[in-house]
Asks: 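So that we are looking at the same thing, I have put the structure below in structure tokens.
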Amino acid sequence: MTAKELFIFEDTMRTPHHHPYSLDTSWSAGAVLLGAGQGERLGHGPKALIELGGKTLLLHALEAMASNQMVSAIAVTAPTDMQYAFEEIVSSANLSVPVLVVPGGATRQASTHAGITALAADLEWLAVTDIARPFTPHGTVDQLLDHLRRTAERSEGRVRPCGVVPVLPLVDSLHLAAEKSLLAEPFDRDRLWAAQTPQVYHRECLSSAFEVALDKGATHTDEAGMVNSTGATVITTSGNASNFKITFEHDLMLARAVHAYSQTESIHQPQEHAL
């Protein structure tokens, strides 16, 4: 697995706050695809332009987001000097959902903000995801929003969470670090989850979290950490282990092996023939 955002779940004294939205109307969402990074840890340039199975990671991500019925617009963040290359890929995709390519920022947080700012203000929900997750199951955003709606409807007083994050349990033993290469003490992994993307948030809530982060000069590694720091309620749902992120060379090797295996499996599936 690649580097992940780890969440420590502890009792706190703060009171969570919630944002009003209707549970009785249809929802529409915009999606932000984060691709402005230079892929320094991988060493192949921007990960969005890496090919997997004859398609760029950008194209894989676009198709996964466009497959959601509730996603009606997509914004892609790109390195400033590669915006045209990204636009060429978007144009070749022939998607039914409108896609904007915008310059990203110096950090993930800045790129996310650039992406959501580019999306129409009437989109009530925002999904944020990494382009470097080529195996995101189609329909994931719809499923996340359905889970959030059902959770709110079942809650006492129909409390409305701010967002939803897919998470996975950790399998490796964890230890706190000491000086140099020494271990300090083991850490209970049952108190941690690995957060994946896409993550989905109510627009008003996410925008408020950006304002708080800007006022405090705080930088967060993902939207869940930023939103949670404001006291807003973020719920979780089971993630998908196949939706891993390509960060290092071994992740890319794994992705190519998984893709090759999936192609082999599809070839050997029994075919239905018309009589």
Side-chain angles (χ1 to χ4, degrees), residues 1-6 31-69 71 74 76-79 82 85-97 99 101 108 127-144 165-172 193-199 222 237-274:
M1 295 294 290
T2 60
K4 318 171 195 75
E5 178 73 5
L6 302 181
V32 176
L33 305 187
L34 299 174
Q38 294 295 333
E40 295 176 355
R41 288 176 291 184
L42 185 58
H44 294 277
K47 288 183 280 188
L49 303 182
I50 293 174
E51 289 200 358
L52 177 66
K55 294 193 295 189
T56 61
L57 297 189
L58 171 55
L59 188 52
H60 282 285
L62 283 168
E63 290 176 349
M65 290 300 101
S67 70
N68 295 277
Q69 293 184 357
V71 171
I74 299 172
V76 178
T77 65
M82 294 188 177
F86 278 51
E87 289 172 345
E88 287 285 286
I89 295 172
V90 168
S91 179
S92 70
N94 294 318
L95 301 174
S96 59
V97 177
V99 181
V101 179
R108 175 198 173 92
V128 183
T129 193
D130 305 294
I131 280 178
R133 294 183 187 269
F135 302 114
T136 300
H138 286 203
T140 295
V141 174
D142 288 342
Q143 292 170 9
L144 290 171
V165 177
V167 297
L168 291 174
L170 301 181
V171 296
D172 294 323
W193 276 331
Q196 295 186 310
T197 67
Q199 302 177 6
D222 81 340
T237 188
S238 296
N240 188 321
S242 66
N243 186 28
F244 61 89
K245 182 180 177 183
I246 298 176
T247 302
F248 300 104
E249 185 68 30
H250 63 266
D251 300 317
L252 182 56
M253 294 172 62
L254 176 61
R256 286 172 173 160
V258 170
H259 184 271
Y261 177 78
S262 66
Q263 295 300 107
T264 302
E265 284 294 291
S266 64
I267 291 173
H268 289 91
Q269 289 293 324
Q271 301 296 313
E272 294 184 1
H273 301 280

Asks: Count the heavy atoms of every other residue, nucleotide or ligand shown that sit under 6.0 Å from CD of Q69, and state whether that count exceeds 12.
Replies: no
Asks: Rounded at 0.5 Å granularity, tell me how far CD in Q143 sits from OG1 in T237.
Replies: 9.0 Å
Asks: Show the nearest heavy-atom pair for residues R133 and N243, with the distance to one decimal.
Replies: NH1-O, 2.8 Å
Asks: Below 4.5 Å, heavy atoms only, C-beta onward: do N240 and P137 meet side chain to side chain?
Replies: yes
Asks: Which is it for V97 and N68 under the side-chain contact (heavy atoms from CB on, under 4.5 Å) test, yes or no, and what are the steps along the way?
Replies: CA-CA 10 Å; V97 177; N68 295 277; over 6 Å; no
Asks: Calculate, to the nearest 0.5 Å, the distance between atoms CD1 and CG belonging to I131 and L33 respectively.
Replies: 5.0 Å
Asks: Locate the shortest heavy-atom distance separating A48 from G35; write the atom from each residue and the value.
Replies: CB-O, 4.5 Å
Asks: If you define the side chain from C-beta out and look only at heavy atoms, does anything of P134 sit under 4.5 Å from L252?
Replies: no
Asks: Where do Q196 and T136 land on the side-chain contact (heavy atoms from CB on, under 4.5 Å) test, with the steps shown first?
Replies: CA-CA 10 Å; Q196 295 186 310; T136 300; over 6 Å; no
Asks: How long is the straight-line distance from CG of L58 back to NZ of K47, given to the nearest 0.5 Å?
Replies: 13.5 Å
Asks: Could you go through M65 and L95, starting from their C-alpha distance and side-chain angles, then the distance that decides it, and tell me whether this counts as side-chain contact (heavy atoms from CB on, under 4.5 Å)?
Replies: CA-CA 10 Å; M65 290 300 101; L95 301 174; over 6 Å; no
Asks: Do T197 and K245 have side-chain heavy atoms sitting under 4.5 Å apart?
Replies: no
Asks: How close do G239 and P166 get, counting heavy atoms only, and between which atoms?
Replies: CA-CB, 3.8 Å
Asks: When rounded to the nearest 0.5 angstrom, what is the spacing between CG in L59 and CD in E51?
Replies: 9.5 Å
Asks: Does the T264 side chain pair with the main chain of A260, one donor and one acceptor, at a distance under 3.5 Å?
Replies: yes
Asks: How many angstroms lie between atom CE of M82 and atom CD of E88, to the nearest 0.5 angstrom?
Replies: 14.0 Å
Asks: Would you call the rings of H259 and H60 parallel, tilted or perpendicular, taking 30° and 60° as the class edges?
Replies: perpendicular
Asks: Given side-chain contact (heavy atoms from CB on, under 4.5 Å), test F135 with L52 step by step and report yes or no.
Replies: CA-CA 11 Å; F135 302 114; L52 177 66; 3.9 Å; yes
Asks: Closest approach of A194 and L170, non-hydrogen atoms and distance?
Replies: CB-CD2, 3.7 Å
Asks: So if I apply the side chain to side chain contact (heavy atoms under 4.5 Å, CB included) rule between F86 and each of T77, T56, V101, which one comes out positive?
Replies: V101
Asks: Roughly how far apart are L49 CG and L57 CG, rounded to 0.5 Å?
Replies: 8.5 Å
Asks: Decide yes or no for V128 and D222: does some side-chain heavy atom of the first lie under 4.5 Å from some side-chain heavy atom of the second?
Replies: no
Asks: For residues S67 and D142, report the shortest heavy-atom separation together with the two atoms involved.
Replies: O-OD2, 4.5 Å
Asks: Identify the heavy atoms of I246 and A255 that sit nearest to each other, and give their distance.
Replies: CD1-CB, 3.7 Å
